[in-house]
Amino acid sequence: MHEDPNDIYALWDELGEFPVSRYDDALRHMLKRLCEIFGAKNALWSVVVRLPVPPEGDQLNGWRPRLVRLLNPIAPLVTSVQAQVDKLWLPKVDLSSIVGAAGEEPFLTRLLFEALPASWFEEEYYRRHYLAVGHVDHISARCAFGKDVRIHLLLYRGPEDPRYTAAIKAPFTLAMRGLKWFQHRLLLSHGIHAANEPVTPTEHSVLLALLGGDTEKQIAESLGKSHNTVHIHIKSIYRKFGVRNRAALTALWMN
């Protein structure tokens, strides 16, 4: 664990060097470097959106995950995360989920042990979704993009690690505030916050290749698909983003 501002600045510079076509790799690099800087064993990155019409009495104010990515997706952890996501659609959800969704702050960082009461750490949810998968603590950041889209990022520590303290919040907050531009690009790459509809996984790959300057033929070859199939995906991408060509798509991205 370093928490050196120079490491944070270096991370910003490193992410700026990734070409658009490698933004999935850039996301993994960001999570890996944040774990190194802040002494974490794993990281979770999630895009959360607000439902247009939340269920009556919804405890999460309509917020639900759209995308979830783990740095190290080991099987027990993947199963645990999916179980947590599934539980968010039940009438009654865990207190940690309610706390995570509460408030309208445009940017927020906090420690797990400062956000929840001591009694929560004695309950089944903590034992199942933290201790059972090798996690004991986390520090989190929540960044809003407009009124209906948020990105949540969590860095986890294990039983052999010291608990996160208040002293780490300042450098962590600095790091995450400086990454808002990058996270907005990640949203765009998935068609969130800019497109009329979310892009599919295949369209996501095509979109990154388009923005990276590849021709339709090159994209077809790299994805192992026919030129006609790729052309259909490109037309769908243009429609979803409300543009007519690659130049307009690139302009939207850069803006």
Side-chain angles (χ1 to χ4, degrees), residues 23-24 27 30-31 34 43-71 73 78 80-112 114-116 120 125 129 138-156 169 172-173 175-201 203-204 207-208 236-237 239-243 249 252-253 255:
Y23 259 43
D24 288 339
L27 171 58
M30 178 188 74
L31 297 179
L34 286 172
L44 181 147
W45 180 86
S46 177
V47 179
V48 181
V49 299
R50 199 195 302 260
L51 300 174
V53 184
E56 185 175 352
D58 185 54
Q59 293 181 294
L60 302 177
N61 298 318
W63 292 104
R64 297 294 190 281
R66 169 76 59 80
L67 286 173
V68 178
R69 296 287 185 269
L70 286 162
L71 174 60
V78 171
S80 171
V81 169
Q82 186 59 57
Q84 292 178 71
V85 170
D86 292 342
K87 289 177 180 179
L88 297 179
W89 295 93
L90 299 177
K92 186 176 180 180
V93 298
D94 186 73
L95 176 61
S96 60
S97 300
I98 296 173
V99 170
E104 297 295 333
E105 300 92 341
F107 182 85
L108 180 66
T109 58
R110 57 186 161 196
L111 310 179
L112 177 65
E114 74 176 6
L116 293 165
W120 181 83
Y125 193 94
H129 297 298
H138 78 230
I139 188 170
S140 66
R142 189 181 78 192
C143 187
F145 296 85
K147 295 181 178 180
D148 300 312
V149 180
R150 292 172 173 174
I151 284 180
H152 291 227
L153 185 143
L154 289 79
L155 300 181
Y156 296 101
K169 286 186 71 175
F172 180 68
T173 299
M176 297 309 303
R177 279 194 179 277
L179 289 171
K180 184 172 183 178
W181 68 272
F182 173 69
Q183 302 207 70
H184 187 250
R185 295 286 178 86
L186 292 172
L187 288 178
L188 290 175
S189 75
H190 287 280
I192 300 173
H193 199 247
N196 297 321
E197 308 168 38
V199 298
T200 67
E203 288 172 347
H204 171 67
L207 170 62
L208 294 182
S236 176
I237 290 168
R239 176 183 60 80
K240 289 181 177 182
F241 279 88
V243 298
L249 181 70
L252 176 64
W253 179 276
N255 186 53

Asks: Identify, with sequence neighbours excluded, every residue that meets side-chain hydrogen bond (donor to acceptor under 3.5 Å, both in side chains) alongside W89.
Replies: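 Scan of W89 (side-chain hydrogen bond (donor to acceptor under 3.5 Å, both in side chains), adjacent residues dropped) gives none.
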Asks: First locate atom CD1 of I151, then atom CZ of R66, and finally report the distance between them rounded to the nearest 0.5 Å.
Replies: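 Going from CD1 on I151 over to CZ on R66, the span is 12.5 Å.
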Asks: Please assess L153 against L44 for the test side chain to side chain contact (heavy atoms under 4.5 Å, CB included), listing each intermediate value before the final yes or no.
Replies: CA-CA 6 Å; L153 185 143; L44 181 147; over 6 Å; no
Asks: Report the distance from atom OG of S97 to atom NZ of K87, rounding to the nearest 0.5 Å.
Replies: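 Reported to 0.5 Å precision, the distance equals 9.0 Å.
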Asks: How close do L51 and P55 get, counting heavy atoms only, and between which atoms?
Replies: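 Smallest heavy-atom distance, with atoms named: CD1-CD, 4.0 Å.
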Asks: Would you say the side-chain atoms of S46 pair up with the backbone N or O of H152, donor to acceptor, closer than 3.5 Å?
Replies: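 No.
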Asks: Report the residues that fulfil side-chain hydrogen bond (donor to acceptor under 3.5 Å, both in side chains) with D24, sequence neighbours left out, ordered by chain and then residue number.
Replies: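 D24 satisfies side-chain hydrogen bond (donor to acceptor under 3.5 Å, both in side chains) with H204 once adjacent residues are dropped.
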Asks: Show the numbers, then the answer: is there a side chain to side chain contact (heavy atoms under 4.5 Å, CB included) between L34 and M176?
Replies: CA-CA 9 Å; L34 286 172; M176 297 309 303; 4.0 Å; yes
Asks: Any side-chain donor-acceptor pair under 3.5 Å between S80 and H129?
Replies: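 Short answer, yes.
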Asks: What's the spacing between H184 NE2 and S189 OG if we round to 0.5 Å?
Replies: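 The OG atom of S189 is 11.0 Å from NE2 of H184, to the nearest 0.5 Å.
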Asks: Less than 4.5 Å apart, side chain to side chain, heavy atoms only: is that true for S140 and T109?
Replies: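 Not in contact.
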Asks: For residues N61 and D58, report the shortest heavy-atom separation together with the two atoms involved.
Replies: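 Looking at all heavy atoms of both residues, the closest pair is N-OD2, 3.2 Å.
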Asks: Check whether the side chains of D94 and W120 place a donor and an acceptor atom closer than 3.5 Å, and report yes or no.
Replies: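 Their side chains do contain a donor-acceptor pair, which is all the 3.5 Å distance test asks for.
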Asks: Side chain to side chain contact (heavy atoms under 4.5 Å, CB included) between L112 and I139: does it pass, once the steps are laid out?
Replies: CA-CA 6 Å; L112 177 65; I139 188 170; over 6 Å; no
Asks: For F182, what residues pass the ring pair (Phe, Tyr, Trp, His ring centres under 6.0 Å) criterion, not counting sequence neighbours?
Replies: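 For F182 the ring pair (Phe, Tyr, Trp, His ring centres under 6.0 Å) partners, ignoring immediate neighbours, are Y23.
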Asks: Given side chains that start at C-beta, do those of V78 and L70 come closer than 4.5 Å, heavy atoms only?
Replies: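 Yes, at least one pair of side-chain atoms sits under 4.5 Å.
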Asks: If only atom types and distance count, is the side chain of T173 paired as donor or acceptor with the main-chain N or O of K169 below 3.5 Å?
Replies: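 Answer holds: yes.
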Asks: Please report the shortest heavy-atom distance between L186 and W45, naming the atom on each side.
Replies: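 Closest heavy-atom pair between L186 and W45: CD1-CZ2, 3.7 Å.
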Asks: Any non-hydrogen side-chain atom of L188 less than 4.5 Å from a side-chain atom of L207?
Replies: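 Of all side-chain heavy-atom pairs linking L207 with L188, none is under 4.5 Å.
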Asks: Please confirm whether the backbone N or O of G100 pairs with a side-chain atom of R142, one donor and one acceptor, at under 3.5 Å?
Replies: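 Here the side-chain-to-backbone pair exists.
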Asks: Could you list the residues that satisfy side-chain hydrogen bond (donor to acceptor under 3.5 Å, both in side chains) with K180, not counting sequence neighbours?
Replies: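 In terms of side-chain hydrogen bond (donor to acceptor under 3.5 Å, both in side chains), with neighbours along the sequence ignored, K180 is linked to no residue.
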Asks: List the steps and the verdict of side chain to side chain contact (heavy atoms under 4.5 Å, CB included) for F241 and V199.
Replies: CA-CA 9 Å; F241 279 88; V199 298; 3.9 Å; yes
Asks: So does I98 get a backbone contact from the side chain of Q59, meaning a donor-acceptor N/O pair under 3.5 Å?
Replies: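 No: the side chain of Q59 does not pair with the backbone of I98.
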Asks: Residues two or more places apart in sequence or in another chain: which of them pass ring pair (Phe, Tyr, Trp, His ring centres under 6.0 Å) with F107?
Replies: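 Ring pair (Phe, Tyr, Trp, His ring centres under 6.0 Å) list for F107, sorted by chain: empty.
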Asks: Please list, chain by chain and in numerical order, all residues satisfying ring pair (Phe, Tyr, Trp, His ring centres under 6.0 Å) with Y156, sequence neighbours excluded.
Replies: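 Applying ring pair (Phe, Tyr, Trp, His ring centres under 6.0 Å) to Y156 gives H135, H138.
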Asks: If I take atom CZ from residue R50 and atom CG from residue L60, how far apart are they, to the nearest 0.5 angstrom?
Replies: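 One gets 11.0 Å once the value is rounded to the nearest 0.5 Å.
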Asks: Indicate the atoms forming the closest heavy-atom contact of L179 with M30, along with that distance.
Replies: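 Smallest interatomic distance, heavy atoms only, reads CD1-SD, 3.8 Å.
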Asks: Between K240 and E203, is there a side-chain N and carboxylate O pair less than 4.0 Å apart?
Replies: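 The answer is yes: the pair qualifies as a salt bridge.
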Asks: Is the backbone of A101 close enough, under 3.5 Å, to the side chain of R150 for a donor and an acceptor to pair up by distance?
Replies: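 Here the side-chain-to-backbone pair exists.
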Asks: Using atom types as modelled and distance alone, determine if a side-chain donor or acceptor of R64 lies under 3.5 Å from a backbone N or O of L88.
Replies: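 Yes; at least one donor-acceptor contact below 3.5 Å.
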